[in-house]
Protein chains: 2
Amino acid sequence: MSQSSDLNEFELISRFFSRPGTQHAESGVILGIGDDAALLDVPQGNVLVAAVDTIVSGRHFPEGSEARSIGHRALAVNLSDMAAMGATPKWATLALTLPEADASWLAGFSAGLLNLADAHGVALVGGDTTRGPLTVSVQILGYVPKGAALRRGGARAGDLLAVSGTLGDAGAGLALRTATAPPGRHAAELIRRFDYPTPRVQLGITARGIATAAMDLSDGLTGDLPKLAQASGVAAHVAVERLPLSQALQETASAEQAREWALSAGDDYELLFAVPPQRVAALQSAAARLNLTLTIIGELRSGRGVTWSLNGDDFTPSASGYDHFGRASTRITV
Amino acid sequence: MSQSSDLNEFELISRFFSRPGTQHAESGVILGIGDDAALLDVPQGNVLVAAVDTIVSGRHFPEGSEARSIGHRALAVNLSDMAAMGATPKWATLALTLPEADASWLAGFSAGLLNLADAHGVALVGGDTTRGPLTVSVQILGYVPKGAALRRGGARAGDLLAVSGTLGDAGAGLALRTATAPPGRHAAELIRRFDYPTPRVQLGITARGIATAAMDLSDGLTGDLPKLAQASGVAAHVAVERLPLSQALQETASAEQAREWALSAGDDYELLFAVPPQRVAALQSAAARLNLTLTIIGELRSGRGVTWSLNGDDFTPSASGYDHFGRASTRITV
């Protein structure tokens with residue numbers, strides 16, 4: 001074998017991503033890392049669910065972010081896509097481009113990614129590492145019983161709009177991380193919401209058969225709600241004063257600033273549901289069992305478009321809030 | 001909706017990757033681009049096959065390469081992984097990072113990728129686009145009947161080693177493209193082998209039940225054969241004079257240079273098979289029906305390691321040949 005030292009260096013990297021025990025019986029992994037492709041078992045009666053999301057240094061996270069956080073977030077944003085479909089995530093592949101093979105960076109990155117994978121029973125079944133500017137692309141695979149997936153297009157006029165958890169914390173956390181907001185006693189907690197988002201996988205699974213539509217708030221409520229309304233062919237209205245804000249956020253930011261982050265920041269990875277009024281209690285109980293709040297923020301109506309109100313008055317969300325991190329990323333949606 | 005002009009620009013990109021008609025009944029696509037994830041149907045009796053490969057500008061292709069070629073190669077290297085497993089490719093997701101949204105570049109890139117996808121009945125079911133240095137990561141998904149996948153580890157001592165097509169053409173093509181080799185009358189043909197490799201998907205499918213092991217030569221014979229031998233727990237021997245060289249390569253390069261490219265260049269994307277002697281004729285007929293040659297280049301023996309001979313004498317492949325493009329990429333294989 002004739003290999004450059006570069007290649008050997010990068011082969012070393014592979015060791016950070018292999019863990020004994022990830023290939024157990026319930027994993028559905030027939031053949032994992034080490035061949036031209038992985039062989040995976042999708043149980044009968046289920047359909048395969050697949051998504052990909054890339055995070056790039058300086059776009060989706062500040063340059064110099066903690067390696068462990070980058071590894072965690074790269075998987076978390078993909079797990080959140082599974083959650084939004086009501087799917088059970090099972091397998092992931094990783095395409096990692098990085099400028100150099102730094103052992104301590106790689107140890108942190110792989111720990112962040114693999115700890116979250118373990119927590120969700122997800123096996124890393126393939127990938128490649130390439131030298132270049134830091135880019136992390138994770139492909140997530142899972143499954144959902146036939147006919148049970150939560151789509152964006154299933155909502156009906158009369159359904160209520162609900163969100164999990166609290167909104168705006170990660171937006172505040174990012175501002176604190178990049179020092180565009182003054183620190184306070186809740187800084188560490190809010191920064192943690194940005195660095196280590198918790199994908200709502202179990203909530204998504206539980207919402208099957210209850211919610212009529214779901215999506216994750218990866219682009220913020222003002223960016224994402226219009227997509228759900230459009231896909232379902234309905235209009236949406238949100239009472240902005242109902243947006244769930246954490247104590248930490250309220251004690252850190254002005255009411256206006258907190259509202260802006262809750263409306264437009266895209267890093268909370270909470271779930272947005274459409275749910276018929278008679279099933280709201282069921283979804284709220286399900287959320288409570290997971291120690292999550294579920295808040296009704298508005299409703300779907302016949303018609304088109306999204307309207308907002310604040311304490312009964314018409315309200316127009318700020319256009320500047322959305323892209324506060326200079327992000328230029330979108331899914332292929334057209 | 002509050003979106004930056006950057007985002008609108010990148011949403012425009014999405015249009016290059018949506019084509020009417022890619023979502024037809026046989027595609028197995030229940031839900032394609034446009035939701036949080038795609039929903040896909042793996043037919044009963046099959047297992048899911050998944051792989052990912054990334055190509056980076058200046059690493060896997062020269063900077064300034066034709067956009068159409070980059071799109072073609074990004075999918076081709078992944079289709080080749082399916083071919084190596086004997087799998088039928090069905091779906092792909094794309095993670096595209098690019099420095100700017102140039103309409104003419106995108107038109108070429110998407111045409112290269114989607115034309116090859118159409119030729120193989122592969123549907124693009126998701127992806128994302130992100131601003132940053134040019135990096136193209138494709139995840140390929142397909143399936144294979146249970147128990148029928150061609151693995152690297154199935155070869156046995158006594159099996160013969162066979163390769164499809166001719167070797168070294170793409171290595172010569174790359175050298176011609178980057179002007180490290182003098183042009184000749186076959187330059188266009190050889191460059192085409194680098195720019196537009198043909199994944200041997202049908203040959204891989206046909207080889208199910210005939211070959212005992214297979215892999216694609218993405219890292220060149222000297223890089224890849226040891227992996228097959230090791231995975232199967234056998235030794236390998238190659239008679240280097242048997243390596244199939246095209247007329248174009250023989251008329252372009254010295255015998256030594258041609259041999260080096262055939263041994264170590266990694267861009268031909270031909271298939272390497274282990275096949276029991278009594279089944280060689282069956283595999284050769286199958287290849288002939290696809291207008292492909294299949295050449296016996298050596299054999300597997302009991303023991304460990306790879307040995308090489310040239311016209312009966314021991315031979316040591318050059319160590320310098322492997323990384324002629326300064327590539328530093330590897331699959332996660334440990």
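Worth saying up front: this structure is predicted, and the values here are computed from it rather than measured. Letters A, B, ... are given to chains in the order of the sequence lines, protein chains preceding strands, and every chain is numbered from 1.
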| Is it the side chain or the backbone of A:Ala38 that comes within 4.5 Å of chain B heavy atoms, both, or neither? |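 Interface part for A:Ala38: both.
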| Interchain contact, A:Ala214 with chain B, by part (heavy-atom threshold 4.5 Å) |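 The answer is the backbone of A:Ala214.
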| query | Are any side-chain N or O atoms of A:Asp128 and backbone N or O atoms of B:Thr54, one a donor and one an acceptor, separated by less than 3.5 Å? | reply |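 Yes; judged by distance alone, with no hydrogens or angles, the pair exists.
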| said: Can you tell me which of B:Ala95, B:Ala231, B:Ala83, B:Gly153 forms the most heavy-atom pairs within a distance under 4.5 Å of chain A? | reply: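 Ranked by heavy-atom pairs under 4.5 Å with chain A, first place is B:Ala95.
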| said: Taking every non-hydrogen pair under 4.5 Å, which of B:Val49, B:Leu225, B:Ile55 racks up the most with chain A? | reply: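 Highest number of pairs under 4.5 Å: B:Val49.
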| field | Results of side-chain hydrogen bond (donor to acceptor under 3.5 Å, both in side chains) for B:Ser80 - residues two or more places apart only | value | B:Asp216
| If you look at every heavy atom in B:Ala37 and A:Met82, which pair is closest and at what distance? |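 Looking at all heavy atoms of both residues, the shortest contact is CB-CE, 4.0 Å.
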| If you take all heavy atoms of A:Leu40 and B:Ala50, which pair is closest and at what distance? |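 Minimum heavy-atom separation between A:Leu40 and B:Ala50: CD1-CB, 4.1 Å.
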Could you pull out every donor-acceptor pair under 3.5 Å between side chains of residues 140-151 of chain B and any protein atom, sequence neighbours left out?
none

| request: Under 4.5 Å heavy-atom distance to chain A, tell me which part of B:Val125 shows up: side chain, backbone, both or neither. | output: neither
| message | Is any side-chain heavy atom of B:Val56 closer than 4.5 Å to one of A:Arg131? | response |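 No, too far: nothing below the 4.5 Å cut-off.
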| query | Side-chain contact, heavy-atom cut-off 4.5 Å: A:Gln139 with B:Ser137? | reply | yes
| task | Give the member of A:Thr135, A:Val47, A:Leu228 that has the highest number of heavy-atom pairs under 4.5 Å with chain B. | result | A:Val47
| message | If I take atom CG from residue A:Asp36 and atom CG from residue B:Asn78, how far apart are they, to the nearest 0.5 angstrom? | response |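 Rounded to the nearest 0.5 Å, the CG-CG separation comes to 11.0 Å.
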